[in-house]
Amino acid sequence: MALRDPLDKSLQRMESRRFAMRCEAQISSIERADTLREIGRLATSITLPYSIAEDYGARDALRLVRLRAEDRARELIEGQIQGFARAEHHHRAKLKRMMLDAWTHLTGPLGHLRSWAHNKLVAAEQQLG
C-alpha cells in the first residue's frame, strides 16, 4: 500500500483504530472470563492484520491484550493453588488432576505459564509437607 497517498494513510489509521477498539473489547472479555480455557481462547483468537502490521498503535493494543490475558490467567492459577492448599488431604489429588487438566489450555502466548504454575504447585505441596 502506497502510504504517500493521504487516502491510504487515513484508511490505515482507521483500520488501526478499529483494531485497537477490538482489542479493548477483547480485554474486557478477558477480565470477565472465569476459566483458563476461556482466557486461552480469547488470548489467541485475535490476530494482527497484515495491512497494519507495521503500526505501533496496533501492535501495542495486541500486546496489552496478551498482557491482560497473562495477568488474568495468573490470578486464576493462584486462586486454584490457594484452594488446593486449603483443601483437605483426601481432596487434594482430585484438585491437582483438575488443575493440571485446566493448565493444558495455556497455549500460544500463555504457554510459558504452564511451567510457572507447576513451580507454584510444587512450592505449595512442599509447604504442606
R92 and E125: salt bridge (Lys or Arg N to Asp or Glu O under 4.0 Å), yes or no, with the steps? CA-CA 10 Å; R92 287 187 186 142; E125 287 176 328; over 6 Å; no

Rounded to the nearest 0.5 Å, what separates atom [atom1] in [X] from atom [atom2] in [Y]?
X: R72; Y: T35; atom1: CZ; atom2: OG1; value: 9.5 Å
X: I27; Y: S29; atom1: CD1; atom2: OG; value: 10.0 Å
X: L62; Y: D55; atom1: CG; atom2: CG; value: 12.0 Å
X: H105; Y: T44; atom1: NE2; atom2: OG1; value: 12.0 Å
X: T107; Y: R37; atom1: OG1; atom2: CZ; value: 11.0 Å
X: R17; Y: I52; atom1: CZ; atom2: CD1; value: 11.5 Å

Quick check on H112: does its NE2 atom have over 12 non-hydrogen neighbours (other residues, nucleotides or ligands) under 6.0 Å away?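 Above 12, so yes.
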
Salt bridge between [X] and [Y], side-chain N to carboxylate O under 4.0 Å?
X: R74; Y: E70; value: yes
X: R59; Y: E54; value: yes
X: E38; Y: R32; value: no

Determine the minimum heavy-atom distance between [X] and [Y], stating which atoms define it.
X: A87; Y: L95; answer: CB-CD1, 3.3 Å
X: A73; Y: I39; answer: N-CD1, 4.0 Å
X: I77; Y: A117; answer: CG2-CB, 3.7 Å
X: L48; Y: A53; answer: CD2-CA, 3.8 Å
X: S51; Y: E15; answer: OG-CG, 4.1 Å
X: C23; Y: I46; answer: SG-CD1, 3.7 Å

Any donor-acceptor pair under 3.5 Å linking the side chain of [X] with the backbone of [Y]?
X: S16; Y: Q12; answer: no
X: R66; Y: P109; answer: no
X: R68; Y: I30; answer: no

Q26 versus S45, side-chain donor and acceptor atoms under 3.5 Å: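 There is such a pair between these side chains.
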
According to a hydrophobic-cluster definition based on side-chain heavy atoms being under 4.5 Å apart (Ile, Leu, Val, Met, Phe, Trp, Tyr only), do [X] and [Y] belong together?
X: M14; Y: L7; value: yes
X: M99; Y: L128; value: yes
X: F84; Y: L76; value: yes
X: L100; Y: L113; value: yes

Taking ring pair (Phe, Tyr, Trp, His ring centres under 6.0 Å) as the definition, give me every residue that meets it alongside H118, ordered by chain and number, with sequence neighbours left out.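 Partners of H118 by the ring pair (Phe, Tyr, Trp, His ring centres under 6.0 Å) criterion, ordered by chain and then number, come out as W103.
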
State which residue, out of L110, L106, T104, fulfils the side chain to side chain contact (heavy atoms under 4.5 Å, CB included) condition with L36. L106

